[in-house]
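Taking it in order: structure first as structure tokens, then the write-up.
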Amino acid sequence: VFELDLMIALLLLLFVVVLFGVEKRTALALDNGLGLVPQMGYNSWYDFGCSIDEKGLIETVDALVSLGFVQAGYNYFNLDDCWAKGRYANGSVFADPLTFPSATLKPLADHAHSKGMKFGTYTDRGTETCAGRPGALHHETIDAQTYAEWGVDYLKEDSCHASSDHTLAFVEYGKMRDALNSTGRPIFFSLCGWNSWYAPVGYSLGNSWRIGPDDVNWSGVLKNIDINGELSKYAGPGGWNDPCLLMAETSSGSLRMTETQTRTQFNMWAIMASPLLISANVRNMSDFNQQTYLNKDVIGVNQDPLSKQGIRLVGGDLSRGNIPAHMARCNASDPYQKWSYGTPEAAYLQNKVSSKCLNVDNCGSDLIYFDCVTSGGTCCGEDCYDNMKFSFANGVLTTPLKNDQCVEVMGSTSLILTKCPVSPPAPFHIQYNTTTLQIESFYNGECLTAAPMSQPSQTNVWGRHLSDQSRKAMVMINASPTNQTVVCDAECFSQLQFNHPTMTATDLWSGEKIQINSNYFSVEVEGNGSSRMFIISS
């Protein structure tokens, strides 16, 4: 009897330990039952930017319904930055009454709900949003309750005006996670921290997490594809790697990239199990782009219930990436060391060969070379092009983007932005030589160079497992300027554990069926960012 009682006691103890252990893990995760497949919907940022008004947003909701987007699965209507105006005496946030007459987002949320959509909005874990509106820091609980009262179903939380310390970032996101959970309303939580280091812990914090910078253009799309290529193991039901928004027309009707590249982005976001959030002017969208976003077969791949992110099977990084600013032994005849100071705008440093400008990456501490943009967007509450303004004073290189920040040479060749010392030591001594047009370091006798550090791949093959084990999804992409033959051979197929003597590839855009023999699949893909997407069936 004693042995039986002891066994029962031990079993009860084990049950309690397991029970409390499970409860502890659940408390540290966003246990809201959402995001079992990647989210689909609309985001206002690349459409309206800060030029938002309630009437235009309501018209966009109506357009999404009338054009068939909601029926196709795009069920979230997400309002991005620039809606908040301030806080009342009790700390609760209110909307700008000039654009939202009720000073709340409830009428817009109600309209979205009446049309069969869910409503999302935006905040920031820092003191201010990226556009300088009220941030959520120290207001997580009251903000979450306000959003719940307004009928919010989705919250994107950015990372401007916030600490870049990893541990603190996780703590701050955890506060909003817990605040949302405590409302009792299921609210999809989207982290926007722009870095891949969120991926390993993202699932414990939110339903999706940004893994790279704003895509902005085709180069940005390629960069985020490359970043996401290393992160597939972190995605799954309830939490997704987010490589940013789907891009097409802006509010003015101009294209952020070609329509072909828009379709390729859509193909890749589907194969990567990425969020499908259209951030474009659906009120004035071309027929081609509408057809892109409404392809039910491609959407079906993205929403496949197996919920497994695709992987790169053939090829390497497609993007040149943002080349980090770096030094090399000074050579007055090297054109990559020639810089113009003051073009295309005052205080810009533009390379004579690459035409790229020195840039503060994502308002952080890293320095990169980037396209010399002169207008548009906000970064850390400032115009994005302020990232590219530098000045030489008292033997050091500074930027007005961040007060008291100077460029320092790290090691032998790297550069970083850091707080200016009262008496700058040798690593800070940098000057612009108006004779040789070089930017020289007195510290190590080296000069700033924009020489490329590596060459990207021109083509890739990506594949994805589907819930129907007799079928796989595949995308072949060509980032080169000319047509290329892209091949998936036996080794390529083996990575999908898919080896059959004969298979059929069905093009999800043209409907063409191609016979595959002996595990060798070869197709021609047009250049300049074209792609082809297939279902491979045994």
Side-chain angles (χ1 to χ4, degrees), residues 42-49 69 74 80 194 210-229 242-272 274-295 298 302 315 317-322 354-357 359 362 368-377 379 384-385 456-460 462 475-484 508-509 525-533:
Y42 163 89
N43 177 283
S44 66
W45 185 245
Y46 288 156
D47 185 4
F48 288 92
F69 286 97
Y74 296 93
D80 210 278
W194 335 307
R210 274 279 297 279
I211 48 83
D214 289 3
D215 38 18
V216 180
N217 54 28
W218 177 240
S219 296
V221 168
L222 293 179
K223 178 173 182 176
N224 281 340
I225 289 172
D226 291 336
I227 293 171
N228 205 17
D242 178 6
C244 205
L245 303 166
L246 296 171
M247 297 182 293
E249 289 91 342
T250 66
S251 58
S252 65
S254 61
L255 295 172
R256 288 187 174 273
M257 52 191 183
T258 69
E259 291 181 326
T260 296
Q261 291 165 348
T262 287
R263 181 162 293 183
T264 291
Q265 183 190 25
F266 191 60
N267 286 343
M268 288 302 304
W269 266 227
I271 205 83
M272 295 190 302
S274 300
L276 299 182
L277 297 174
I278 300 170
S279 193
N281 184 358
V282 296
R283 306 171 307 286
N284 187 28
M285 183 174 282
S286 70
D287 290 341
F288 186 94
N289 284 338
Q290 286 186 45
Q291 292 166 9
T292 291
Y293 292 140
L294 293 174
N295 185 311
V298 179
N302 177 267
D317 284 353
L318 292 164
S319 66
R320 294 184 181 276
N322 294 330
S354 71
S355 297
K356 302 286 187 180
C357 283
N359 178 275
N362 272 325
I368 60 171
Y369 306 129
F370 198 73
D371 295 336
C372 301
V373 296
T374 58
S375 63
C379 302
C384 280
Y385 45 87
S457 293
Q458 294 187 318
T459 62
N460 270 190
W462 287 65
V475 172
M476 294 175 160
I477 178 174
N478 178 16
S480 79
T482 59
N483 293 9
Q484 299 286 333
L508 295 189
W509 294 99
V525 182
E526 294 181 358
N528 295 310
S530 296
S531 64
R532 298 183 69 176
M533 188 169 189

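These numbers were taken from a predicted model, which means no experiment stands behind them.
- Side-chain N or O atoms of S530 include none that pairs as donor or acceptor with a backbone N or O of V525 at under 3.5 Å.
- Taking the side chain as every heavy atom from C-beta outward, M268 and V475 approach each other to under 4.5 Å.
- In this structure, the side chains of V221 and T264 stay at 4.5 Å or more apart for every pair of heavy atoms.
- A donor-acceptor contact shorter than 3.5 Å is absent between the side chain of N43 and the backbone of L245.
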Please test T258 against N528 for side-chain contact (heavy atoms from CB on, under 4.5 Å), starting from the C-alpha separation and ending with a verdict. CA-CA 9 Å; T258 69; N528 295 310; over 6 Å; no
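- Heavy atoms from other residues, nucleotides or ligands lying under 6.0 Å from CD of E526 number 12 at most.
- The distance from the CG atom of N281 to the CG atom of D47 is 4.5 Å, given to the nearest 0.5 Å.
- Proximity of T262 to M247: side-chain heavy atoms (C-beta onward) are nowhere separated by under 4.5 Å.
- For M285 against Q290, the heavy-atom pair with the smallest separation is O-NE2, 3.1 Å.
- Between C372 and S355, the shortest heavy-atom contact is SG-O, 3.2 Å.
- Here the straight-line distance linking atom NZ of K223 with atom CG of N217 works out to 11.0 Å at 0.5 Å rounding.
- Side-chain contact of N224 with D215: a donor-acceptor pair under 3.5 Å is absent, judged by distance alone.
- Q484 contributes atom CD, which lies 6.5 Å from atom OG1 of T459 (distance to the nearest 0.5 angstrom).
- Residues W509 and R532 fail the side-chain proximity criterion, which asks for heavy atoms closer than 4.5 Å.
- For the pair I227 and S319, the minimum side-chain heavy-atom distance is 4.5 Å or more.
- The structure places CG of D214 at 8.5 Å from CH2 of W45, a figure rounded to the nearest 0.5 Å.
- Aromatic rings from Y293 and F266 are positioned such that their centres are separated by under 6.0 Å.
- A pairwise comparison of heavy atoms in N483 and G527 identifies OD1-N, 3.4 Å as the closest pair.
- Atom CG of residue L246 and atom OG of residue S279 lie 8.5 Å apart, to the nearest 0.5 angstrom.
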Could you go through I278 and Y46, starting from their C-alpha distance and side-chain angles, then the distance that decides it, and tell me whether this counts as side-chain contact (heavy atoms from CB on, under 4.5 Å)? CA-CA 9 Å; I278 300 170; Y46 288 156; over 6 Å; no
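- Across every non-hydrogen atom of F288 and T260, the tightest pair is CE2-N, 4.3 Å.
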For S480 and N478, run side chain to side chain donor-acceptor pair (under 3.5 Å): C-alpha distance rounded to whole Å, both residues' side-chain angles, the deciding distance at 0.1 Å, then the answer. CA-CA 6 Å; S480 79; N478 178 16; 2.8 Å; yes
Set out, in order, the CA-CA distance, both residues' side-chain angles and the distance that settles side chain to side chain donor-acceptor pair (under 3.5 Å) for S252 and T250, then state yes or no. CA-CA 5 Å; S252 65; T250 66; 2.9 Å; yes
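- For the pair Q261 (side chain) and R256 (backbone), a donor-acceptor distance under 3.5 Å is absent.
- Considering only heavy atoms from C-beta on, C244 comes within 4.5 Å of R210 through its side chain.
- Listed here is the closest heavy atom pair of W269 and N302: O-ND2, 3.3 Å.
- Looking only at side-chain heavy atoms (C-beta outward), N460 and M476 stay at 4.5 Å or farther from each other.
- Distance CG/D287 to OG1/T292: 11.0 Å, rounded to 0.5 Å.
- Here the shortest heavy-atom pairing between S531 and N267 reads OG-ND2, 2.9 Å.
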